[in-house]
Amino acid sequence: MPPNLTGYYRFVSQENMDNYLRALDINVVLRKLVCLLKPDKEIIHTGNHMVIRTITSLRDYVMDFDVGVQFEEDLGPVDGRKCQTTVSWEGDQLVCEQLGEKRNRGWRHWLEGDRLHLRMTAEDEVCVQVFQKVK
């Protein structure tokens, strides 16, 4: 049985965000701004339904989905693209595949104790973020 990810998580660290954003064709000014942000995550996990909010001082991004059900995701706030997204469990990891213009695009979340890890990929770039659970 997969873990319940419900909680509020504060940003701890990130690696390789600039290169990840470059792989998504984000302009240099926006890349620099995004690299300064320290996003929080709020996850509401009820059965197969999940809501993941990424909260920043610039703008919030909300994913509202059912695990295992493909949907069209509007990534306009991120990079102006739409893609076909499916989120599923691989063991204890929540894995997202985003099919569209960019190869190898997606992410995975997993817990290690009270820390939420996020590994994002696009093309050949990988960005890793870590969050600490606070509630």
Side-chain angles (χ1 to χ4, degrees):
M1 182 169 182
N4 189 309
L5 300 180
T6 295
Y8 193 92
Y9 302 85
R10 291 223 187 277
F11 177 84
V12 173
S13 65
Q14 72 186 8
E15 297 174 16
N16 203 38
M17 179 60 86
D18 189 62
N19 288 335
Y20 168 76
L21 295 171
R22 185 177 293 124
L24 293 174
D25 302 322
I26 305 298
N27 72 61
V28 67
V29 174
L30 188 54
R31 285 197 325 260
K32 298 301 177 195
L33 179 62
V34 169
C35 287
L36 294 173
L37 296 175
K38 295 180 171 144
D40 287 348
K41 292 272 186 186
E42 180 180 38
I43 300 176
I44 300 166
H45 179 178
T46 310
N48 281 334
H49 187 79
M50 297 188 82
V51 178
I52 301 176
R53 288 183 60 220
T54 303
I55 304 159
T56 72
S57 56
L58 182 61
R59 86 170 46 137
D60 295 351
Y61 182 72
V62 178
M63 279 187 77
D64 188 333
F65 59 92
D66 291 316
V67 175
V69 178
Q70 188 177 69
F71 63 97
E72 182 175 80
E73 184 178 9
D74 184 355
L75 292 161
V78 179
D79 65 356
R81 294 183 174 92
K82 289 185 179 180
C83 60
Q84 293 301 309
T85 298
T86 305
V87 181
S88 57
W89 289 104
E90 286 183 13
D92 288 346
Q93 295 189 8
L94 188 65
V95 178
C96 175
E97 182 179 30
Q98 298 165 315
L99 301 175
E101 296 175 34
K102 292 296 179 175
R103 179 180 57 78
N104 192 34
R105 186 168 185 176
W107 53 259
R108 60 180 57 228
H109 273 299
W110 70 94
L111 288 173
E112 290 180 10
D114 283 345
R115 292 211 168 182
L116 177 72
H117 294 258
L118 171 60
R119 181 181 188 270
M120 298 177 286
T121 59
E123 301 290 329
D124 295 322
E125 295 299 332
V126 177
C127 174
V128 177
Q129 293 181 322
V130 178
F131 303 85
Q132 178 67 45
K133 187 172 187 176
V134 293
K135 358 176 180 166

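Keep in mind that this is a model prediction, so the values were computed, not measured.
- A 4.5 Å side-chain heavy-atom check between Phe131 and Leu118 finds at least one atom pair inside the cut-off.
- Gln93 CD: more than 12 foreign heavy atoms inside a 6.0 Å radius.
- Scanning both residues, Cys35 and Gln14, for their nearest heavy atoms gives O-NE2, 3.5 Å.
- Looking at Arg81 and Asp74, no side-chain N of the basic residue comes within less than 4.0 Å of a carboxylate O on the acidic one, giving no salt bridge.
- Atom OG1 of Thr54 is separated from atom CG of Asp60 by 8.5 Å, given to the nearest 0.5 angstrom.
- His117 has its side chain out of reach of His109: every pair of non-hydrogen atoms, C-beta onward, lies at least 4.5 Å apart.
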Please test Glu123 against Asn104 for side chain to side chain contact (heavy atoms under 4.5 Å, CB included), starting from the C-alpha separation and ending with a verdict.
CA-CA 5 Å; Glu123 301 290 329; Asn104 192 34; 5.9 Å; no

Steps toward side chain to side chain contact (heavy atoms under 4.5 Å, CB included) verdict (Gln70, Thr85)
CA-CA 5 Å; Gln70 188 177 69; Thr85 298; over 6 Å; no

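- The aromatic rings of Phe65 and Phe71 lie parallel to each other, their planes meeting at an angle below 30°, with 60° marking the opposite boundary.
- Hydrophobic clustering of Ile, Leu, Val, Met, Phe, Trp and Tyr side chains at less than 4.5 Å, counting indirect connections, unites Leu5 with Phe11.
- At distances below 3.5 Å, at least one donor-acceptor pair connects side-chain atoms of Thr56 with backbone N or O atoms of Arg59.
- Connection of Leu21 to Leu36 is not established within any shared hydrophobic cluster, with ILVMFWY side chains joined at heavy-atom distances below 4.5 Å, either directly or through further cluster members.
- Going from atom CG of Asp25 over to atom CG of Leu30 covers 12.0 Å, rounded to the nearest 0.5 Å.
- Distance alone, capped at 3.5 Å, is enough to place a donor-acceptor pair between the His45 side chain and the Gly47 backbone.
- With hydrogens and angles disregarded, no donor-acceptor distance shorter than 3.5 Å links the side chain of Glu97 to the backbone of Thr86.
- No side-chain heavy atom of Ile52 sits less than 4.5 Å from a side-chain heavy atom of Ile44.
- Follow the hydrophobic side-chain contacts under 4.5 Å out from Leu37 and you reach Trp107 in the same cluster.
- With sequence neighbours excluded, the residues satisfying side chain to side chain contact (heavy atoms under 4.5 Å, CB included) with Val29 are Asn27.
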Which is it for Asp40 and Tyr8 under the side-chain hydrogen bond (donor to acceptor under 3.5 Å, both in side chains) test, yes or no, and what are the steps along the way?
CA-CA 7 Å; Asp40 287 348; Tyr8 193 92; 2.8 Å; yes

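- Counting only distance, with no hydrogens or angles, the side chain of Asn16 and the backbone of Cys127 share no donor-acceptor pair below 3.5 Å.
- Among residues two or more places apart in sequence or in another chain, the side-chain hydrogen bond (donor to acceptor under 3.5 Å, both in side chains) test is passed with Glu15 by none.
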Please walk me through it: do Arg10 and Val12 pass side chain to side chain contact (heavy atoms under 4.5 Å, CB included)?
CA-CA 6 Å; Arg10 291 223 187 277; Val12 173; 6.0 Å; no

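- Looking at every heavy atom in both residues, Val128 comes nearest to Arg119 through CG2-CG, 4.4 Å.
- Under the 4.5 Å side-chain heavy-atom criterion for Ile, Leu, Val, Met, Phe, Trp and Tyr, Trp89 and Met120 are members of the same hydrophobic cluster.
- Residues Gly91 and Pro2 share a closest heavy-atom pair of O-CB, 4.3 Å.
- A 4.5 Å side-chain heavy-atom check between Val87 and Val69 finds every atom pair outside the cut-off.
- Ion pairing of Arg108 with Asp92 is absent here, as no side-chain N (NZ or NE/NH1/NH2) approaches a carboxylate O to less than 4.0 Å.
- Considering CG of Asp124 and CG of Asn19, their distance stands at 11.5 Å, rounded to 0.5 Å.
- A donor-acceptor contact shorter than 3.5 Å links the side chain of Lys133 to the backbone of Thr6.
- Without hydrogens or angle criteria, Lys102 side chain to Ala23 main chain gives a donor-acceptor distance under 3.5 Å.
- Looking at heavy atoms from C-beta onward, Thr121 lies out of side-chain contact with Arg105 at the 4.5 angstrom threshold.
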Quick one: do Leu111 and Tyr9 satisfy side chain to side chain contact (heavy atoms under 4.5 Å, CB included)? Show the steps, please.
CA-CA 11 Å; Leu111 288 173; Tyr9 302 85; 3.8 Å; yes

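- Using a 4.5 Å cut-off between side-chain heavy atoms of Ile, Leu, Val, Met, Phe, Trp and Tyr, with links allowed through other members, Leu75 and Val95 fall into different hydrophobic clusters.
- Of all non-hydrogen atoms in Gln98 and Cys83, the two that sit nearest each other are CB-SG, 3.5 Å.
- Under a 3.5 Å cut-off, the side chain of Arg53 and the backbone N or O of Val62 do not form any donor-acceptor pair.
- Taking every heavy atom of both residues into account, Met63 and Cys96 meet most closely at CE-SG, 4.5 Å.
- Here the closest non-hydrogen pair linking Leu24 and Ala122 is CD2-CB, 3.7 Å.
- Put simply, CG on Asp64 and CD on Glu73 are 11.0 Å apart, with the number rounded to the nearest 0.5 Å.
- Val67 places a side-chain heavy atom less than 4.5 Å from the side chain of Met50.
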